[in-house]
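What you see is a predicted model, and the numbers here were worked out from it, not measured in a lab. Protein chains get the first letters and strands the later ones, always in sequence-line order, with residue 1 at the start of each.
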There are 2 protein chains.
Amino acid sequence: MKRATLRDIAQSLGVTVATVSRALKNYPDISKATKQTVLAAAERLHYAPHPMAVKLRQQAYKVVGVVIPDIIHPFFSDVISGIVDVMEDLGYHIILSQSNESYEKEIRVTQMLQATGVDGLLVCLSNETVDVGHLQALQEYDVPVVLFDKISPLLEASSVVTNDFQGAYDAVAHLLDQGYTRVAHIKGPPHPENTRQRFAGYRAALAAYGLPYRAEYVAECTHVTQDEGAFFNRQFMALAEPPEALFAVTDSVAIGAITALKEAGWRVPQDMAVIGFSDWAVCRLLEPSISSVSQPGYDIGRRASELLLREIRQLREALPLEHSQLVLDARIQIRQSSQRPVSV
Amino acid sequence: MKRATLRDIAQSLGVTVATVSRALKNYPDISKATKQTVLAAAERLHYAPHPMAVKLRQQAYKVVGVVIPDIIHPFFSDVISGIVDVMEDLGYHIILSQSNESYEKEIRVTQMLQATGVDGLLVCLSNETVDVGHLQALQEYDVPVVLFDKISPLLEASSVVTNDFQGAYDAVAHLLDQGYTRVAHIKGPPHPENTRQRFAGYRAALAAYGLPYRAEYVAECTHVTQDEGAFFNRQFMALAEPPEALFAVTDSVAIGAITALKEAGWRVPQDMAVIGFSDWAVCRLLEPSISSVSQPGYDIGRRASELLLREIRQLREALPLEHSQLVLDARIQIRQSSQRPVSV
DNA sequence: TTGGATTCCGAAATCGATTACGTTACCGAT
DNA sequence: ATCGGTAACGTAATCGATTTCGGAATCCAA
């Protein structure tokens, strides 16, 4: 069965496509009578406007691209869910791509999305990404870009992030408040702004509590995996004066660190307190339950979508583009793994 | 900055758009000289074909729609990842929608996808869905549909599913092999084919081992949540002769069931053995680690995509449509929660 | 010099919908 | 009778790329 077109309706009624089009779109200069017959014919033929023809004519696609490092990540699932919920309500569609944390792939998929024709782009940069020329190219062709989670100061664009600094500060302060003085940190790779912020929050908390920064208590992982968490925590545990508490840059690193502790017969939190970042669902289920810093993934998706839609609208109405930098609060979720036993 | 069009190139060279188009697409009847100048001009102006114009002309959109109940589900993340990997390689894009397990929303999003113009649809039905008229409508307009995971026998279409029957059978057989005789089952809602199959596998295993089916050992949940798992397991635990082992329709139900056991001071697996279904990542991390049946989510996504692409191709070449029903093996992952202690 | 075959490119239709502009017919007013 | 006005619809351009058809120019052979 073929799709019905305006011409099909027009021919079946002996009018022109222009009349049909105007009747369907409620133009004032069409008589009530013909409007009725056109509507009836459209109904009868199951007419639906051909999307590509409309998009070509209007130069508006109602499609936004989403680029994330990795779909199989609970945090990004939350973000995507927020994006979809906002966009679907306004009739926008989502095209999903993943960069697999590769700078090259990120360039490839953004170019593909540009070629495909999107009204805008929501991007979470890969860990490898430093240069943002591929995104500036989009902007030059009037395709707005909104960054979220992993952003870059090099790109003039709206962005939505968690307050990683404050979250990290709160997490470390929570440890220090309980009297711990030797607090270690397993940090992420140096490029993404958010892991830098978490590291900065760690240092700021130490400083605020008058504690020295000790380089031997800081390790830097590259792939941010459980294995790395276990590996680096074993190094901490082997120190002459091992740390009493650990702030891990992500939950997977925290879980790996706890695995290493358990294997060596250390108890959590008695022998080492641990707090992670992201607040995955597993944190509540594990034993001990893992303290973590929750990121508002769903809200990040929603807010980023709203910013993007605003810029798309501004662009269409030839208004000046307004960029916004949103920073959403992170909240520490205190559970067993970071609670110092009361008696000493 | 405006996008460059064929006309821009043509005017800058004093030729017509037809020549430019043919030069760019390597038609044989264009001289080497003009081909060179055209290619150079295209490069210089950063020409990229206008996607909507091409799609309108060719009536092929290189976009497929994906409809799933819930994006925030590790299994679906795996599936999506598989879909994206296959589709991206062939230049296809994914439009993602979620039905939130609502029949109404499923209809809405499929109609939106049809209106948007997709070459095909990959659908996992919602738990509520019984009637499939909205998908048949797509097929009538030559938009192929491939079902995965939650399928319906009412729709004549290709499908890819896990072998839920065999997975369930293996799980229960694994329990029975260890000498358990009182094995309970918390089943899912009655509509989706896969939870029916899991129930059927449970019954078949009982029958194969010469054990009676006891209705008091079977409960049916509606939302398939942890809470329901806990709730129904408490009912089992309160029986005069409580079951020794439990096969839960999903991991979340299994986790809920274990929570109920722990709260009541029962030990797992000593007082009740538990095995789930889906093999979430958490199963390995929990204590005790949870046995489960792994579903090949990534492969399901890949295979479903390949089937859909085949049907799109067959449709374009006016070949007869061939449907395939793929059933991928499920493997039981035996961990602590289902291992009967050796001594009695 | 002429016929035919090639080579290379332009003209124009097409995909389907939208819309600026023009046209017809009919109205009442002068 | 002529004019202005308006309701209602048709004409045709447009969005950008593709493709069929055909035409001009060139070349070779007779």
Check nucleotides 5-7 of chain D for protein N or O atoms closer than 3.5 Å to its own N or O atoms and list the pairs.
none

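Comparing Gly14(B) and Gln58(B) against DNA chain C, the residue whose closest nucleotide sits nearer the 5' end is Gly14(B).
Within the model, atoms NZ of Lys32(A) and OG1 of Thr37(A) stand 13.5 Å from one another, a figure rounded to the nearest 0.5 Å. Separation of atoms CG (Leu122(A)) and CD1 (Ile68(A)) is listed at 10.5 Å; rounding is to 0.5 Å. The line from OG1 of Thr129(A) to CG of Leu135(A) is 8.0 Å long, rounded to the nearest 0.5 Å.
A sub-4.0 Å separation between OP1 or OP2 of dC9(D) and a side-chain N or O of Ser31(A) is present. For the OP1/OP2 pair of dC8(C) and a distance below 4.0 Å, the side-chain nitrogens and oxygens of Thr34(B) include no atom meeting the criterion.
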Seminar exercise, completed: In B/S/- notation (B base, S sugar-phosphate only, - none; protein heavy atoms under 4.0 Å), nucleotides 11-16 of chain D written 5' to 3' is B--BBB

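Residue Gln325(B) places its CD atom among more than 12 non-hydrogen atoms of other residues, nucleotides or ligands, all under 6.0 Å distant.
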Distance-only donor-acceptor pairs under 3.5 Å for side chains of residues 6-16 of chain A, two or more places apart:
unit_1: Asp8(A); atom_1: OD2; unit_2: Thr5(A); atom_2: N; d: 2.8
unit_1: Asp8(A); atom_1: OD2; unit_2: Thr5(A); atom_2: OG1; d: 3.4
unit_1: Ser12(A); atom_1: OG; unit_2: Ile9(A); atom_2: O; d: 2.9
unit_1: Thr16(A); atom_1: OG1; unit_2: Thr19(A); atom_2: OG1; d: 3.2

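Among all heavy-atom pairs drawn from Gln139(B) and Glu156(B), the shortest one is NE2-O, 3.0 Å. The nearest pair of heavy atoms linking Val130(B) to Leu154(B) is O-CD1, 3.5 Å.
One can place NZ of Lys25(B) at 18 Å from P of dC9(C), the figure rounded to the nearest angstrom. Taking atom CD1 on Ile30(A) and atom C1' on dG10(D), their separation rounds to 10 Å, with Å as the unit. One interatomic measurement links the two molecules: CD1 of Ile9(A) to P of dG10(D), which rounds to 14 Å at whole-angstrom precision. In this structure, CG of Leu13(B) is placed 15 Å from C1' of dG10(C), rounded to the nearest angstrom. Whole-Å rounding puts the Lys32(B) NZ to dT7(C) P distance at 12 Å. Rounded to whole Å, the distance from CG on Asn26(A) to C1' on dA17(C) is 17 Å.
A side chain to side chain contact (heavy atoms under 4.5 Å, CB included) with Val64(A) is found for exactly one of Leu113(A), Val146(A), Ile312(A), namely Ile312(A).
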Exercise. Ser126(A) and Lys105(A): side chain to side chain contact (heavy atoms under 4.5 Å, CB included), yes or no, with the steps?
Worked result: CA-CA 9 Å; Ser126(A) 86; Lys105(A) 181 116 194 258; over 6 Å; no

